[in-house]
Novice: 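Have a look at the structure that comes next, please.
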Amino acid sequence: MTATDTATFESLNPATGEVVAVHPVHDAAAVAEAVAGARAAADWWAGLGFGGRAKILLKWKGVVTRRAQQLAEVVHAETGKPHADAMLEIVLAIDHLSWAAKHAAKVLGPKKRSAGLLMANQTAIVEYQPLGVIGVIGPWNYPVFTPMGSIAYALAAGNAVVFKPSEYTPGVGRWLAESFAEVVPAHPVFQLVTGFGETGAALCRSGVDKIAFTGSPGTGRKIMAACAETLTPVLIEAGGKDALLVDSDADLEAAADAAVWGGMSNAGQTCTGIERVYVHEGVYDEFVAKVVDKAKAVRAGSDGQADIGPITMPGQLDIIRRHIADALGQGATALVGGADAVGERFVQPTVLVDVPEDAPAMKEETFGPTLAISKVRDMDEAITRSNDSKYGLGGSVFAKRRGMELARRLRSGMTSINSVISFAAVPSLPFGGVGDSGFGRIHGPDGLKEFTRAKAITKQKFKAPLNLTTFSRTEKTDATVAKLINLLHGKR
Ligand code: NAD
């Protein structure tokens, strides 16, 4: 991706450096225009109700499904990831779109709540109303799956969306917006703005009703600062340094397979990718030998046979190189890959052992196909070291007896037991992190509610025998209420 002039920029194929397409740089005025259009469309969209919107979203789902190969081509061209991996993220995104469309009414529709004894004469109702216009700012590493986790849920909840994709994957954003416009040609319910950070910042300041951001924690801080100016609420899905824990009774073959796939698929450019592995000392040697065998079989390249593609963002190569070099300089050993693994566009799998716990390779997001494996005395030490991180996105535990206990103790938003990253593929589960990994939840009922405001309504059923909300309230009423509250709550 390079800026050509102030009005357009090129997206580049990271495997070859060739230009994929040219896109407009939307400035603040263009962003404001898109948001104004979305604002008008939002009323029409909300007015369709859950049923009307579900029908349209499921129609869009059909279009995306039937043309998934074409979309995968765009993802492949802009990110360099293998075609099959592009298809995998599209398949998962389709599943989320379907779930959001089908479940919004049940999750967000009006529900009666108990009004309690004091307000027994009232019917109490809660419903979840759309916020209006949602600004979605996305990353490049999963350019379909990641933004769809906000877009599908925001639309299903009744909002219009203005989407700013990463400057590395604008074509994917364009494909999504154009395919939606085929289904809803007359109303700009889902619009696209393209460009760099300035375009995203303009979206933050445009008066949208919420920003759903996915990207790095550093950019997340800038987004919050910009949104603070207008008290625009934000949802932050940021980076991670996820750990995989291997207990002494784990299925080591499965754990090693999961560690290698979790750490190296998509060339390690996965927010919930495995970057650290803590292994019980009783099975450490056997586990490491299995990981080494499997990692040696993984190859980065751009031919059809390669397992992983290039590093999409050239600047990340320096970070990966620095993390590996620093670890080796501090006494770590590379059992696979190492200092020479980082090329001009590709990084070959790297397995490090004996990395000091305070090294950048253990503390900072590497975002490359690297694993740092550490031996632990017991699983308590594994938990302590895993949790000693500013991040807390996902994580994984391989264990037979203590899997659930260890999963609960990991300080993260999501954990898989005896698999990796499965939580992201379950549409009904919330997705999001703690600490520098962000806050708020996409996916599932929580994800739908993120894009709504809870509205409370009470409707009087009959005149209250004890009317508390009047100046003509008597002393007798107050005394009866005091007696009542004592009976209800004063026993202990
Ligand atoms: P990034 O933070 O560089 O950019 C993300 C988006 O923010 C881009 O669209 C960019 O143009 C925009 N942006 C940049 N500066 C901005 C500003 N000042 N105001 C508004 N918008 C601005 O992140 P990236 O490199 O595209 O993505 C990689 C990061 O995303 C990694 O840290 C990864 O872990 C994280 N990620 C998190 C999740 C998750 O769900 N938690 C999912 C995928 C990726």
Side-chain angles (χ1 to χ4, degrees), residues 31 34-35 37-50 52-58 60-61 64 93-109 127-139 142-165 173 176-177 179-181 183-184 187-193 200 203-204 206-215 223 227 232-237 427-428 430-432 438-455:
V31 170
V35 172
R39 179 86 47 214
D43 285 344
W44 171 78
W45 182 243
L48 288 180
F50 292 112
R53 290 194 297 270
K55 229 175 173 177
I56 291 174
L57 289 174
L58 293 174
W60 184 35
K61 178 195 77 165
V64 178
I94 289 169
D95 214 27
H96 275 283
L97 176 55
S98 177
W99 193 94
K102 288 178 183 162
H103 290 81
K106 191 164 176 223
V107 175
L108 305 175
E127 63 183 38
Y128 294 85
Q129 299 181 344
L131 295 173
V133 180
I134 307 296
V136 175
I137 300 178
Y142 288 89
V144 180
F145 175 76
T146 292
M148 191 61 95
S150 294
I151 293 166
Y153 291 81
L155 289 172
N159 303 281
V161 168
V162 177
F163 176 35
K164 150 66 180 94
L176 290 174
S179 63
F180 185 87
V183 179
V184 186
H187 301 271
V189 172
F190 174 31
Q191 292 184 77
L192 185 75
V193 291
L203 188 55
C204 293
S206 65
V208 291
D209 299 288
K210 186 162 192 169
I211 288 285
F213 166 74
T214 309
I223 300 250
C227 286
T232 301
V234 290
L235 177 151
I236 304 277
E237 295 289 348
S428 61
F431 185 99
F439 51 82
R441 294 291 181 265
I442 53 172
H443 301 175
D446 305 82
L448 284 166
K449 286 181 184 170
E450 278 285 350
F451 300 108
T452 63
R453 61 174 74 90
K455 171 88 177 180

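This structure is a prediction, so every number in the text was calculated from the model and none was measured.
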Novice: Examine distances only and state if a side-chain atom of Asn159 and a backbone atom of Gly132 form a donor-acceptor pair shorter than 3.5 Å.
Specialist: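 Yes; at least one donor-acceptor contact below 3.5 Å.
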
Novice: Nearest heavy-atom pair of Pro139 and Gly215: which atoms, and what distance?
Specialist: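 Minimum heavy-atom separation between Pro139 and Gly215: CB-CA, 4.5 Å.
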
Novice: Locate the shortest heavy-atom distance separating Ala156 from Ala100; write the atom from each residue and the value.
Specialist: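 Heavy-atom minimum between the residues: CB-O, 3.5 Å.
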
Novice: Has the side chain of Lys210 got a donor or acceptor atom that lies under 3.5 Å from a matching backbone atom of Glu450?
Specialist: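 A pair under 3.5 Å: yes.
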
Novice: Measuring from Arg453:CZ to Lys455:NZ, what's the distance to the nearest 0.5 Å?
Specialist: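 These two atoms lie 8.5 Å from each other.
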
Novice: Got Leu58 and Ser98 here, is their nearest side-chain heavy-atom distance under 4.5 Å?
Specialist: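 Contact flag for Leu58/Ser98 side chains = yes.
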
Novice: Any chance you could lay out the side chain to side chain contact (heavy atoms under 4.5 Å, CB included) test for Val162 and Ser206, step after step, and finish with the verdict?
Specialist: CA-CA 11 Å; Val162 177; Ser206 65; over 6 Å; no

Novice: Can you tell me if Asp446 uses its side chain to pair, donor with acceptor, with the backbone of Pro430 under 3.5 Å?
Specialist: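 No, Asp446 side chain to Pro430 backbone: no donor-acceptor pair under 3.5 Å.
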
Novice: Which value, rounded to the nearest 0.5 Å, describes the distance between Lys164 atom NZ and Leu203 atom CG?
Specialist: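 Reported value, rounded in 0.5 Å steps: 9.0 Å.
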
Novice: Looking only at side chains, do Trp60 and Ser179 share a donor and an acceptor under 3.5 Å apart?
Specialist: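 Present: a donor and an acceptor within the cut-off.
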
Novice: Would you check if Leu97 and Lys61 make a side-chain contact, meaning some heavy-atom pair closer than 4.5 Å?
Specialist: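 A side-chain contact under 4.5 Å exists here.
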
Novice: So, taking the atom named CG in Leu448 and the one named CD1 in Ile442, what distance separates them when rounded to the nearest 0.5 Å?
Specialist: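 Leu448 CG to Ile442 CD1: 11.5 Å, rounded to 0.5 Å.
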
Novice: Just to verify, what does Asp209 make a salt bridge (charged side-chain N to carboxylate O under 4.0 Å, His left out) with, not counting sequence neighbours?
Specialist: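 Counting only residues at least two positions away or on another chain, Asp209 forms a salt bridge (charged side-chain N to carboxylate O under 4.0 Å, His left out) with Arg39.
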
Novice: Just so I know, are the side chains of Phe163 and Val193 near enough to count as touching, which here means a heavy-atom distance under 4.5 Å?
Specialist: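 No, too far: nothing below the 4.5 Å cut-off.
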
Novice: Could you tell me the separation between the OG atom of Ser428 and the NE2 atom of His443, rounded to the nearest 0.5 Å?
Specialist: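 Ser428 OG to His443 NE2: 11.0 Å, rounded to 0.5 Å.
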
Novice: Can you tell me how far the CG atom of Leu131 sits from the OG1 atom of Thr232, to the nearest 0.5 Å?
Specialist: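 Here the interatomic distance stands at 11.0 Å.
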
Novice: For the residue pair Ala160 and Ala42, what are the closest heavy atoms and their distance?
Specialist: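 Heavy atoms only, the tightest pair is CB-CB, 3.9 Å.
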
Novice: Who are the ring pair (Phe, Tyr, Trp, His ring centres under 6.0 Å) partners of Phe451, not counting sequence neighbours?
Specialist: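 Per chain and number, Phe451 pairs via ring pair (Phe, Tyr, Trp, His ring centres under 6.0 Å) with no residue.
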
Novice: Fit a plane to each ring of Tyr142 and Phe145, take the angle between them on a 0 to 90° scale, and name the class: parallel (under 30°), tilted (30 to 60°) or perpendicular (over 60°).
Specialist: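 Tyr142 vs Phe145 ring planes: perpendicular.
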
Novice: Aromatic contact between Phe180 and His187, with the criterion being ring centroids under 6.0 Å apart: yes or no?
Specialist: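 That pair fails the under 6.0 Å test.
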
Novice: Just so I know, are the side chains of Leu235 and Phe439 near enough to count as touching, which here means a heavy-atom distance under 4.5 Å?
Specialist: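 In short, these two side chains do not touch, never coming nearer than 4.5 Å.
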
Novice: Please check: side-chain N/O of Glu127 versus main-chain N/O of Gly109, any donor-acceptor pairing under 3.5 Å?
Specialist: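 Answer holds: no.
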
Novice: Kindly indicate whether the side chain of Met148, heavy atoms from C-beta on, has any atom under 4.5 Å from the side chain of Tyr153.
Specialist: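 Of all side-chain heavy-atom pairs linking Tyr153 with Met148, none is under 4.5 Å.
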
Novice: Measuring from Phe50:CZ to Lys106:NZ, what's the distance to the nearest 0.5 Å?
Specialist: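 So the gap between those two atoms works out to 13.5 Å.
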
Novice: One pair to check against side chain to side chain contact (heavy atoms under 4.5 Å, CB included): Val189 and Leu155. What are the steps and the verdict?
Specialist: CA-CA 8 Å; Val189 172; Leu155 289 172; 3.6 Å; yes

Novice: Evaluate the side chain to side chain contact (heavy atoms under 4.5 Å, CB included) criterion for residues Ile56 and Val184: first the C-alpha distance (whole Å), next the side-chain angles of each, then the deciding distance (0.1 Å), finally the verdict.
Specialist: CA-CA 8 Å; Ile56 291 174; Val184 186; 3.4 Å; yes

Novice: Run the side chain to side chain contact (heavy atoms under 4.5 Å, CB included) check on Lys449 and Val107 step by step: do they pass?
Specialist: CA-CA 8 Å; Lys449 286 181 184 170; Val107 175; 4.0 Å; yes

Novice: Do the non-hydrogen side-chain atoms of Leu192 and Pro165 ever get within less than 4.5 Å of each other?
Specialist: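 Answer yes - side chains close enough.
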
Novice: With a 4.5 Å limit on heavy-atom distance, are the side chains of Pro233 and Ile211 in contact?
Specialist: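 Pro233 vs Ile211: side chains apart.
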
